[in-house]
Protein chains: 2
Amino acid sequence: MALLKNSALREASFTPLYKQIKSLILQSLNNGEWKPGESIPSEFELAKTFQVSQGTVRKAIDELAAENVLIRRQGKGTFVATHHEAKVRYRFLSLVSDHKVPKQRARSQVLKCERVVANLEQSKAFKIKVNSELVYIQRLLFLDECPTILDNIWLRADLFEGLDLNMLNKHKIPLYGLFETEFGVSMVRADDALKAVVADEEKANLLQVKVGTPLLQVYRTSYSYGDKPVELRQGFYLTDHYHYQNRLK
Amino acid sequence: MALLKNSALREASFTPLYKQIKSLILQSLNNGEWKPGESIPSEFELAKTFQVSQGTVRKAIDELAAENVLIRRQGKGTFVATHHEAKVRYRFLSLVSDHKVPKQRARSQVLKCERVVANLEQSKAFKIKVNSELVYIQRLLFLDECPTILDNIWLRADLFEGLDLNMLNKHKIPLYGLFETEFGVSMVRADDALKAVVADEEKANLLQVKVGTPLLQVYRTSYSYGDKPVELRQGFYLTDHYHYQNRLK
DNA sequence: TAGTGGTCTAGACCACGTT
DNA sequence: ACGTGGTCTAGACCACTAG
């Protein structure tokens, strides 16, 4: 794609230069040219390769940084966001302790990892054919050594070839970190839909509570670069000592 | 406050010009110089009054626009955000229908409006003295004519003098719109803490459901300009046909 | 046509981290 | 001392809205 500088023959199709630059950067990220944790070229270098001014590159990076796709570090450079750093490790885990101080520790226990076939709803969400293959994972998340979250997870099988119970149990890192490192899939955004439900027998057993205990049900769709949906989740959160925190602006 | 241009005698106290401009704008908003819905002076005018370049004013406004404090409209001007416009009327109502299409209609029924005394927790949250006076409101919100949300609301009495049951029942506008118009209090941000609970007898009666029905409990602290906390809320949401939606980035 | 916000440029200088 | 991102400026021009 050639850059369209403010030229003459546009007809109601104006796209700012910096948006085009942003797309090019996203494309490079998608192609794996720059990997999570690594630095991307400096603003001046990018300006030179794209044949635009540094300020224009800057504006493109500004937006990507606001979306947590890139991270700027003054004096050091601009880096591709990663789920591995301690600081952002639990970026997508909105559940926090009611007594904020004792920064909880998370441990995951994977119960199932199977290949399944996409139902109508799932195929719609992923924009793939019905009966396409998915990976289904069930796992329990312990916070401060208490079973607190029961997750049912579905992934596009074509993006996660080779993912199995063995691999999941071997790694001690958060799932999103594993996806990033082992499969080159970076989660950058997620949409959650929350409801209050009560625990049925299966969930009650797994979470070690009584049937009828209220649970926070969190349905999630996670997206990679370019709003590509790559994960569906049904989470059931025990909120006796934790709460889901959210900031509205 | 005089603007500190990049001068010599700073010692580890650097504050960018545009941040100072931002503070000045926020101050004007706080003083009620520019009211919600109105336009503020153009970027060039502000640049002239503040004796900086237009680009610097622009960056200040950019941040305030990102925080939904100001709204930019190309060709028209920059406006103070308001809760009255249809588009952003329910900005802070995260509950949406599961079948998104039939854009729900909200109706509020106020049950109580009393003066009460702040407990320890409330006085801490508001950063006021214990036993300070608060306004307590209990109301039921109907979505599509079904009782769906039970709200308990506490406000700083000194900011809401004259607020009573009569006034609340007279107005057909959302609460945050009323607060803005009648008391000059603009809500710009809120922190929600969510848990799953079950309905006790009182809540079950009011929401017309059985005791034991799971409810989404939403504790909220709302802030006005300058992160000033002005409202505490305990909401109980019926999530049989609605869900709390949230985007993670 | 005039006025507003939106884009783009080029250049200077500052703050921060590393060498 | 150098290279990075961060700030600030001045000016040109484009896109949108309204009179």
Side-chain angles (χ1 to χ4, degrees), chain A residues 2-25 34 37-66 68-81 85, chain B residues 2-25 34 37-66 68-81 85:
Chain A
L3 289 188
L4 290 178
K5 296 245 181 182
N6 301 345
S7 54
L9 47 131
R10 271 177 289 93
E11 290 178 19
S13 72
F14 174 59
T15 309
L17 256 183
Y18 77 89
K19 289 275 187 193
Q20 300 178 49
I21 304 296
K22 187 181 170 188
S23 292
L24 290 176
I25 293 175
W34 307 316
E38 295 179 2
S39 72
I40 70 171
S42 75
E43 295 178 353
F44 278 104
E45 278 182 74
L46 289 173
K48 201 175 155 195
T49 53
F50 292 141
Q51 293 289 300
V52 298
S53 80
Q54 178 253 5
T56 301
V57 170
R58 184 167 188 75
K59 182 140 190 183
I61 294 180
D62 273 347
E63 288 203 354
L64 291 167
N68 294 314
V69 171
L70 297 178
I71 315 242
R72 321 187 78 129
R73 289 196 232 279
Q74 189 174 18
K76 300 176 77 171
T78 301
F79 298 78
V80 183
E85 293 165 56
Chain B
L3 289 188
L4 290 177
K5 296 243 182 184
N6 299 346
S7 54
L9 47 130
R10 270 177 289 92
E11 291 178 19
S13 72
F14 174 60
T15 309
L17 257 182
Y18 76 89
K19 289 274 186 193
Q20 301 179 49
I21 304 297
K22 187 181 168 186
S23 292
L24 291 175
I25 294 175
W34 307 316
E38 295 178 3
S39 71
I40 70 172
S42 75
E43 294 178 354
F44 278 104
E45 278 182 72
L46 290 173
K48 201 175 155 195
T49 52
F50 293 139
Q51 293 289 300
V52 298
S53 80
Q54 178 253 4
T56 301
V57 170
R58 184 167 188 76
K59 182 142 187 180
I61 294 180
D62 273 346
E63 288 202 355
L64 291 167
N68 295 314
V69 171
L70 297 178
I71 315 246
R72 296 172 164 291
R73 290 197 232 278
Q74 188 173 14
K76 300 175 79 171
T78 300
F79 298 78
V80 183
E85 293 166 56

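Proteins come first, then strands; the chains are lettered A, B, ... in the order of their sequence lines, and each starts at number 1.
- Rounded to an integer number of Å, the gap from B:I21 CD1 to D:dT7 C1' is 13 Å.
- With rounding to the nearest 0.5 angstrom, the CD1 atom of B:I61 is 13.0 Å from the CD1 atom of B:I71.
- Taking B:E85 as the reference, B:R73, B:T82, B:V88 meet the side chain to side chain contact (heavy atoms under 4.5 Å, CB included) condition, with sequence neighbours excluded.
- Closest approach of B:V57 to B:V52, counting heavy atoms only: CG2-CG2, 3.8 Å.
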Encoded 5' to 3' (Watson-Crick or G-U under 3.5 Å; [ ] crossing; | other strand), DNA chain D becomes ||||||||||||||||||.
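- In this structure, the salt bridge (charged side-chain N to carboxylate O under 4.0 Å, His left out) partners of A:K22, at least two apart in sequence or on a different chain, are A:E63, A:E67.
- Put simply, CD on B:E63 is 11 Å from P on D:dC8, counting in whole angstrom units.
- Residue pairs that meet the salt bridge (Lys or Arg N to Asp or Glu O under 4.0 Å) test with at least one member in residues 46-57 of chain B, sequence neighbours left out, do not exist here.
- Counting to the nearest Å, the P atom of C:dG6 and the NZ atom of A:K19 are 12 Å from each other.
- As rounded to whole Å, 12 Å separates atom P of C:dA15 from atom CG of B:L17.
- Per the geometry, CG belonging to B:L46 stands 16 Å off P belonging to D:dC8, to the nearest Å.
- Between A:T56 atom OG1 and A:F50 atom CZ the span is 11.5 Å, to the nearest 0.5 Å.
- When all heavy atoms of B:V80 and B:L70 are compared, the closest pair comes out as CA-CD2, 4.0 Å.
- Put simply, CD1 on A:I71 is 12 Å from P on D:dG6, counting in whole angstrom units.
- Annotation: the span from A:W34 atom CH2 to A:T78 atom OG1 amounts to 10.0 Å, rounded to 0.5 Å.
- Look at A:T56 and you'll find a side-chain N or O under 4.0 angstrom from OP1 or OP2 of C:dT9.
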Could you list the donor-acceptor pairs under 3.5 angstrom formed between side-chain atoms of residues 37-47 of chain A and any protein atom two or more places apart in sequence or on another chain?
{"from": "A:E38", "atom 1": "OE1", "to": "A:K35", "atom 2": "N", "distance (Å)": "3.2"}
{"from": "A:S42", "atom 1": "OG", "to": "A:E45", "atom 2": "N", "distance (Å)": "3.3"}
{"from": "A:E43", "atom 1": "OE1", "to": "A:Q54", "atom 2": "NE2", "distance (Å)": "2.7"}
{"from": "A:E43", "atom 1": "OE1", "to": "A:R58", "atom 2": "NH1", "distance (Å)": "3.2"}
{"from": "A:E43", "atom 1": "OE2", "to": "A:R58", "atom 2": "NH1", "distance (Å)": "2.7"}
{"from": "A:E43", "atom 1": "OE2", "to": "A:R72", "atom 2": "NH2", "distance (Å)": "2.1"}

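- B:Q20 has its CD atom 12 Å from the C1' atom of D:dC8, to the nearest Å.
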Listing time: all N or O pairs from protein to nucleotides 1-5 of chain D that are below 3.5 Å?
{"from": "D:dG3", "atom 1": "N2", "to": "A:G75", "atom 2": "O", "distance (Å)": "3.0"}
{"from": "D:dT4", "atom 1": "O2", "to": "A:G75", "atom 2": "N", "distance (Å)": "3.2"}
{"from": "D:dG5", "atom 1": "OP1", "to": "A:T78", "atom 2": "OG1", "distance (Å)": "3.3"}
{"from": "D:dG5", "atom 1": "OP2", "to": "A:E43", "atom 2": "N", "distance (Å)": "3.0"}
{"from": "D:dG5", "atom 1": "N2", "to": "A:Q74", "atom 2": "NE2", "distance (Å)": "3.2"}

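- At whole-Å resolution of the value, CZ in B:F79 and C1' in C:dG5 are 11 Å apart.
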